[in-house]
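The next block holds one structure in the form of structure tokens; read it before the comments.
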Amino acid sequence: MEEYKMEEIPFTHIDGIKVGHVQDFKAATGCTVIICEGGATAGVDVRGGSPGTRETDLLDPQNLVDKIHAVMLSGGSAFGLDAASGAMKYLEERDIGFDVQVTKVPIVCSAVLFDLVVGDYRVRPDFNMGYKACTNATDKECPNGNIGAGTGATVGKFLGIERAMKGGLGSYALQIGDLKVGAIVAVNALGDIIDPETGEILAGLLDEDGKKLVGTENVMAEKYSEKKNVFSGNTTIGVVATNGIFTKAEANKLASMSHNGYARTMRPAHSIFDGDTIFTMATGKVKADINVVGFLAARTMERAVINAIKSAESAYGFKAYRELRRQ
């Protein structure tokens, strides 16, 4: 029996996938687009209680459209959904989309995170930023950290934004034989980020002095009788991509399985104050077992979340993992 070696690859090395970012560092926001010009079979799973999404209903297997052409991950809360319109314009100009005879309608799904309280709330990803992100799209590199949709991301906000830390954008991918599976994610969680391999809290809720991590779930448990409204500043959004061949129903199942990566790295995950969402994009090049791709999807999402935190840099008054570790 032939032995296959599992190796780490860049997310953008997945067949048919390009990634583009644009950000406004002064305003602390941005967006990240994942493009598949040839069309990808897609699915989605929304687990958080405060989602902001676009074009998720059409991913139901009973609905007509069977391919999407891009996913836009954006800051700016619901305002940021406008960035997807810029991607539609970019793709239509290149004759990419669902053929309706008079034109082609690009299918662009989107999810947003809340970063309005980090920088200038009056500036958010819009049509122009979405279009520019597409012009920046490439299959050559995929930088992590304070970029794209992760520019204004923060984590650990249960006691307010003043005790939070810097989140960011992360990616990770694996290859076994001809099969490629990867994840890209903007980490903006209410809770803490845990490395499941060590159990270490990497980033999250800080103590009053801003020097130690206190553990969000511990604080939540102590305050179990207090009803809090901590919606501001949350939601982790991502994409799992593979070159595997899957149906829409299978793509939706893969999105569901991918959430194990969130559950392993975020405490708590999928809270009522998060809009945690994962899309699947399958570019249809290689036959693959859904169970294998499912566990690889969860594993790559897990490591993408960790990469987002470890790549982030302190900004906008928020300490990053790197700075906290140096203390």
Side-chain angles (χ1 to χ4, degrees), residues 10-12 19-34 71-77 80 111-119 124-125 129 133 136 141-157 161 163-173 182-195 200-206 213 216 233-240 261-262 264-267 269 274-278 300-326:
F11 178 81
T12 44
V19 176
H21 311 280
V22 68
Q23 52 282 316
D24 185 324
F25 288 120
K26 184 178 179 181
T29 194
C31 58
T32 295
V33 66
I34 301 91
V71 173
M72 182 69 72
L73 305 178
S74 180
S77 189
V112 295
L113 56 80
F114 191 106
D115 58 6
L116 299 180
V117 296
V118 176
R124 45 259 185 161
M129 288 183 74
N136 293 338
E141 60 179 341
C142 194
N144 290 191
N146 299 14
I147 192 169
T151 303
T154 51
V155 298
K157 289 156 280 190
I161 199 75
R163 305 249 311 252
M165 287 183 64
K166 189 71 184 70
L169 186 96
S171 63
Y172 187 85
I184 187 167
V185 61
V187 182
N188 190 57
L190 168 73
D192 302 328
I193 307 303
I194 314 294
D195 188 336
E200 176 189 5
I201 301 178
L202 302 179
L205 179 58
L206 293 167
L213 291 158
T216 294
N234 306 315
T235 296
T236 297
I237 50 179
V239 172
V240 166
Y262 281 8
R264 293 171 190 162
T265 55
M266 300 177 205
R267 295 184 187 171
D274 289 288
D276 296 341
T277 299
I278 298 177
T300 57
M301 182 58 76
E302 171 189 313
R303 300 321 301 176
V305 170
I306 300 305
N307 283 347
I309 296 304
K310 290 190 173 181
S311 300
E313 298 179 1
S314 298
Y316 314 113
F318 300 100
K319 286 183 180 177
Y321 163 81
R322 295 176 177 180
E323 181 181 350
L324 191 69
R325 194 179 185 193
R326 288 195 296 265

(request) Kindly indicate, with the supporting measurements, whether the criterion side chain to side chain contact (heavy atoms under 4.5 Å, CB included) is fulfilled by R124 and S77. (result) CA-CA 8 Å; R124 45 259 185 161; S77 189; over 6 Å; no
Tell me the closest heavy-atom pair linking [X] and [Y], and the distance in Å.
{"X": "G170", "Y": "N144", "result": "CA-OD1, 3.6 Å"}
{"X": "A189", "Y": "M266", "result": "CB-SD, 4.1 Å"}
{"X": "R322", "Y": "A312", "result": "CD-O, 3.8 Å"}
{"X": "L73", "Y": "A149", "result": "O-CB, 3.4 Å"}
{"X": "A153", "Y": "N188", "result": "CA-OD1, 3.2 Å"}
{"X": "T12", "Y": "C142", "result": "CG2-CB, 4.0 Å"}

Separation of [Y] [atom2] from [X] [atom1] (nearest 0.5 Å):
{"X": "H21", "Y": "E141", "atom1": "NE2", "atom2": "CD", "value": "8.0 Å"}
{"X": "K319", "Y": "L206", "atom1": "NZ", "atom2": "CG", "value": "6.5 Å"}
{"X": "T154", "Y": "F114", "atom1": "OG1", "atom2": "CZ", "value": "10.0 Å"}
{"X": "I147", "Y": "L169", "atom1": "CD1", "atom2": "CG", "value": "7.5 Å"}
{"X": "T235", "Y": "L190", "atom1": "OG1", "atom2": "CG", "value": "9.5 Å"}
{"X": "I34", "Y": "I184", "atom1": "CD1", "atom2": "CD1", "value": "5.0 Å"}

Quick one: does [X]'s side chain have a donor or acceptor within less than 3.5 Å of a partner on [Y]'s backbone?
{"X": "D276", "Y": "T236", "answer": "yes"}
{"X": "D192", "Y": "L205", "answer": "yes"}
{"X": "D24", "Y": "A27", "answer": "yes"}
{"X": "K166", "Y": "T151", "answer": "yes"}
{"X": "Q23", "Y": "T29", "answer": "no"}

(request) Side-chain contact test, heavy atoms from C-beta onward, threshold under 4.5 Å: evaluate it for F318 versus V118 and give yes or no. (result)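 Yes, at least one pair of side-chain atoms sits under 4.5 Å.
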Got a sec, which residues hit side-chain hydrogen bond (donor to acceptor under 3.5 Å, both in side chains) with [X], two or more places apart in sequence or on another chain?
{"X": "N146", "answer": "none"}
{"X": "T265", "answer": "none"}
{"X": "R303", "answer": "D195"}

(request) Keeping to residues at least two apart or across chains, list the side-chain hydrogen bond (donor to acceptor under 3.5 Å, both in side chains) pairs with something in residues 304-316. (result)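 For residues 304-316: S314-E323.
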(message) If the condition is salt bridge (charged side-chain N to carboxylate O under 4.0 Å, His left out), which residues does R264 pass it with, not counting sequence neighbours?
(response)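 R264 satisfies salt bridge (charged side-chain N to carboxylate O under 4.0 Å, His left out) with E302 once adjacent residues are dropped.
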(message) Could you walk me through whether V185 and Y172 satisfy the side chain to side chain contact (heavy atoms under 4.5 Å, CB included) test, starting with their C-alpha distance in whole Å, then the side-chain angles of each, then the deciding distance to 0.1 Å, before giving a yes or no?
(response) CA-CA 9 Å; V185 61; Y172 187 85; over 6 Å; no
(request) Sequence neighbours left out, what passes ring pair (Phe, Tyr, Trp, His ring centres under 6.0 Å) with Y262? Give chain and number order. (result)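 If we apply the ring pair (Phe, Tyr, Trp, His ring centres under 6.0 Å) test to Y262, skipping adjacent residues, the hits are H259.
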(request) Taking atom CZ of R163 as the centre, report whether more than 12 heavy atoms of other residues, nucleotides or ligands fall under 6.0 Å from it. (result)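 Result for CZ/R163: enclosed.
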(message) Quick check on side chain to side chain contact (heavy atoms under 4.5 Å, CB included): which of T300, I194, V187 does V305 satisfy it with?
(response)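 One option only clears the test, and that one is V187.
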